[in-house]
Amino acid sequence: MNKVYITTAIPYMNGSPHIGHAMDYVQADVSARYYRLLGDDVKFQVGSDEHGGKVFQKATAQGVTVEAFVDENVAKLKDFIAKLDVSYTDFVRTTNTDHIRRCQEIWRKLSEHIYKDKYEGWYCTGCERFVTDKEYEECNGVCPDHQKSYERLEEENYYFRISDFKDQIREAILADRVLILPDFRKKEILKLLEESPDVSISRPKEQLSWGVPVPGDDNQTMYVWIDALSNYITILGYPERDISDWWPATAQFVGKDILRFHAIIWPAMLLALGLPLPKTIVSHGMILVGGVKMSKSVGNVVDPVDVIERHGADAFRYYFLRHIDTFADSDFTWEKFENAYNNELANDLGNLVQRLATLMSKNDIALPSASAILPKKYQSLMEKFEFSKAFDFVWEEVQAINKRIDEEKPWMLAKNGERIKLEECLIGLARELLKVNLMLGPFLPETNEKIVEIFSGKITAPKTPLFPKN
RNA sequence: CGCGGGGUAGAGCAGCCUGGUAGCUCGUUUGGCUCAUAACCAAAAGGUCGCUAGUUCAAAUCUAGCCCCCGCAACCA
């Protein structure tokens, strides 16, 4: 039995979960369920990134303690993940004491690649943060929120010497020892790697109080990188436990916006710790709405929960796994979604189940049990994380069954009393459907179970269709 | 010359690496069927493959130049 470890990015707890996070979860879940289907032992991590200034400020603004604030958001996140029907096994919180302790131990282990340096940049005393040079120029040197001029300030930070590992990382990426998907992102990362300077990994305590204290320096707090990225191994019990059963991860799912951190900083950390690199980093694109970026100010934000409440988790998973490109930016519109739901889920699949179940039920034909096997092509696509293509393949089979029913005309066989042929025909068709259903399992877990139920024992057509139309 | 992705039927995409009748899904039109959620099956209409030049017997596909859209460029998925 193979050990498979699947991870997702841990969302920052300064707000509610949104559609971008949903992509991580749904993709990772399909992989996890697929490997379970193969009989593998799967560990599937999800979690929450809870430290940092923004979380602290938000909590303060709401007049609640920061602990209460993150607890509430974590509860929301867990509820969100449950709604998506995500079969995770481990939930890691960066405020968990084990995580914090392990994180500090990791820092110590990294110490020979850590140095202290001064950072100089534009700072807003209102926001209590540095802004990038680009931001500075865009605002003409005046903070738009506070109407104050930025000040030139310097502070001391610890830095992680990425440059110690650049060559190793480049080689690993080039040789696909850490496979970055899709390929065009790999090229992007290789280019970015050359320009990646050392990364600042701490902040003065007075500026950042809500975070993991830097071991051996009371005046510094860890900035996000080591705290957040290490979650993938602290949840496994690193460093005090041997994690080689699970690490390296089979696949780490991230959004394209944070790929750079997972493909550069994270591998550098792992190399410094003497740990192997993840086998695959899968990066998905952004969801656009009507061709434009989703944003609160535009007011075009689509809440996954709305989609789920309308047609269920499987419908959500269907659209986002098949019609949203697995790797590139893709468009969501309600019209497209409803279209896919009605034409494909309801008409192609739902109706297929209905007509076949009715045919078998009317003629009192049961399905002798037989185990289906997964087609090679499907397996190969799933193992390349080509979810949308794998789904297309499954759908070709769905359509082929509908076609076969029309060609073989079982209702005619029934009318003519050709019992033997009828049984042969319907059992053959039902077996095909169960083969499809097996492949459908990782994508649409709820539907999968329903189909299994319908076609076991004495068959009766469901009273309410699998995918009811409005 | 910052890096990367893209411009193919009304819409969304595949094909381009390894040149040789331009394909898929949705939508539209017509026909068939009646087991089924007015569902299913078949057929048809619809494209100067961003522009220009070049290589070639032959280019969506290779080369060069140009135009346009989008993403990223140290922390807003």
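Treat the numbers as computed from the prediction; the structure is a model and nothing was measured.
For A/K336, whose side chain is taken as the heavy atoms from C-beta onward, the closest listed nucleotide among B/G12, B/C76, B/C3 is B/G12. Relative to the side chain of A/A346, the nucleotides B/U37, B/C26, B/A42 differ in distance, and B/U37 lies closest. With B/A36, B/G5, B/C41 as the choices, the nucleotide that has an atom nearest any side-chain atom of A/K187 turns out to be B/G5. In the set B/C41, B/A39, B/C35, the nucleotide with an atom closest to the side chain of A/N402 is B/C41. Of the candidates B/C72, B/A36, B/A42, B/A36 carries the atom nearest the A/N351 side chain, counting heavy atoms from C-beta on. Here B/C72 is the nucleotide among B/U37, B/G4, B/C72 with the atom lying nearest to any side-chain atom of A/R260. Here the nucleotide nearest the side chain of A/K469, chosen from B/U37, B/C35, B/G27, is B/U37. Of the candidate nucleotides B/A36, B/G32, B/C26, B/C26 has the atom lying nearest to any side-chain atom of A/N343. Taking every side-chain heavy atom of A/D348 into account, B/C40 is the closest of B/C40, B/C76, B/C35. Distance from the side chain of A/M412 is smallest to B/U34 among B/C3, B/U34, B/C26.
Nucleotide B/C62 has B/G54 as its partner under the Watson-Crick or G-U criteria, with both atom distances under 3.5 Å. Applying the Watson-Crick and G-U wobble criteria (two distances, each under 3.5 Å), B/G23 pairs with B/C13. Taking a pair to require two hydrogen-bonding distances under 3.5 Å in either a Watson-Crick or a G-U wobble arrangement, B/C72 pairs with B/G2. When both pairing distances are held under 3.5 Å, B/C33 makes no Watson-Crick or G-U pair with any nucleotide shown. Base pairing of B/A44: its partner is B/U28, meeting the Watson-Crick or G-U wobble criterion (both donor-acceptor distances under 3.5 Å). Using N1 to N3 plus N6-O4 or O6-N4 for Watson-Crick, or N1-O2 and O6-N3 for G-U wobble, each under 3.5 Å, B/U18 pairs with nothing.
In this structure, A/L426 places its CG atom 13 Å from C1' of B/A36, rounding to the nearest Å. Atom-to-atom, NZ of A/K186 to P of B/G5 comes out at 13 Å; the value is rounded to the nearest Å. Spacing between atom CD of A/E423 and atom P of B/C35 amounts to 19 Å, rounded to whole angstrom units. Rounded to a whole Å, the CG atom of A/L193 is 21 Å from the P atom of B/G2. Atom CD of A/E335 is separated from atom C1' of B/G10 by 12 Å (rounded to the nearest Å). Going from atom CZ of A/F467 over to atom P of B/U37 covers 16 Å, rounded to whole Å. For the pair A/W411 CH2 and B/C41 C1', the interatomic distance rounds to 9 Å; values are reported in whole Å. A/E397 has its CD atom 17 Å from the C1' atom of B/U25, to the nearest Å.
Nucleic acid contact class of A/Y12 (heavy atoms, under 4.0 Å, all strands): none. Heavy atoms of A/F261 sit nowhere under 4.0 angstrom from any nucleic acid atom. Using a 4.0 Å heavy-atom distance criterion, A/K409 is classed as making no nucleic acid contact. Looking at heavy-atom distances under 4.0 Å, A/V353 makes no contact with the nucleic acid at all. Within 4.0 Å of A/L466, counting heavy atoms only, lies at least one base atom of the nucleic acid. Note on A/L356: nothing from the nucleic acid sits closer than 4.0 angstrom, heavy atoms only. No contact: A/P410 has no heavy atom under 4.0 Å from any strand. Residue contacts for A/P197: at a heavy-atom cut-off of 4.0 Å it reaches a base atom on one of the strands shown. As judged by a 4.0 angstrom heavy-atom cut-off over every strand, A/D198 is placed among the base-contacting residues. Nucleic acid contact for A/W395: none, since no nucleic acid atom lies under 4.0 Å from a heavy atom of the residue.
Only the P atoms considered, B/C57 is 15 Å distant from B/G19, to the nearest whole Å. Spacing of P atoms, B/C17 relative to B/C26, comes out at 29 Å, to the nearest Å. Using P as the reference atom, B/C72 and B/C1 are 24 Å apart when rounded to the nearest Å. Here, B/A9 and B/G47 have their P atoms 10 Å apart, quoted to the whole Å. As rounded to the nearest Å, B/A60 and B/G7 have C1' atoms that lie 12 Å from one another. Only the C1' atoms considered, B/G46 is 14 Å distant from B/G23, to the nearest whole Å. With P as the reference atom, B/A43 and B/G50 are 29 Å apart, rounded to whole Å. B/U25 and B/G15 have their C1' atoms separated by 15 Å, with the value rounded to a whole Å.
With A/V353 as reference, A/L433 is the one residue of A/T358, A/L433, A/I401 to meet the side chain to side chain contact (heavy atoms under 4.5 Å, CB included) rule. When each of A/D24, A/T8, A/D29 is paired with A/V86, the side chain to side chain contact (heavy atoms under 4.5 Å, CB included) condition holds for A/D29 and for no other.
Using a 3.5 Å distance cut-off with no hydrogens or angles, the side chains of A/K469 and A/N347 do pair a donor with an acceptor. Side chains of A/Q252 and A/W266: a donor-acceptor N/O pair is present below 3.5 angstrom, by distance only. Using modelled atom types, one finds no donor on one side chain facing an acceptor on the other under 3.5 Å when comparing A/N339 with A/E344. Side chains of A/T94 and A/E50: no donor on one and acceptor on the other come within 3.5 Å. The closest side-chain donor-acceptor pair between A/D227 and A/H99 falls under 3.5 angstrom.
Side-chain atoms of A/K166 come within 3.5 Å of backbone atoms of A/E194 as a donor-acceptor pair (strictly under, hydrogens ignored). Between the side chain of A/T221 and the backbone N or O of A/L208, at least one donor-acceptor pair lies under 3.5 Å.
The residue among A/D406 and A/K191 whose nearest nucleotide of RNA chain B lies closer to the 5′ end is A/K191. Two residues, A/R355 and A/R404, neighbour RNA chain B, and the one matched to the more 5' nucleotide by heavy-atom proximity is A/R355.
Note on A/K256: every side-chain N or O is 4.0 Å or more away from OP1 and OP2 of B/G5.
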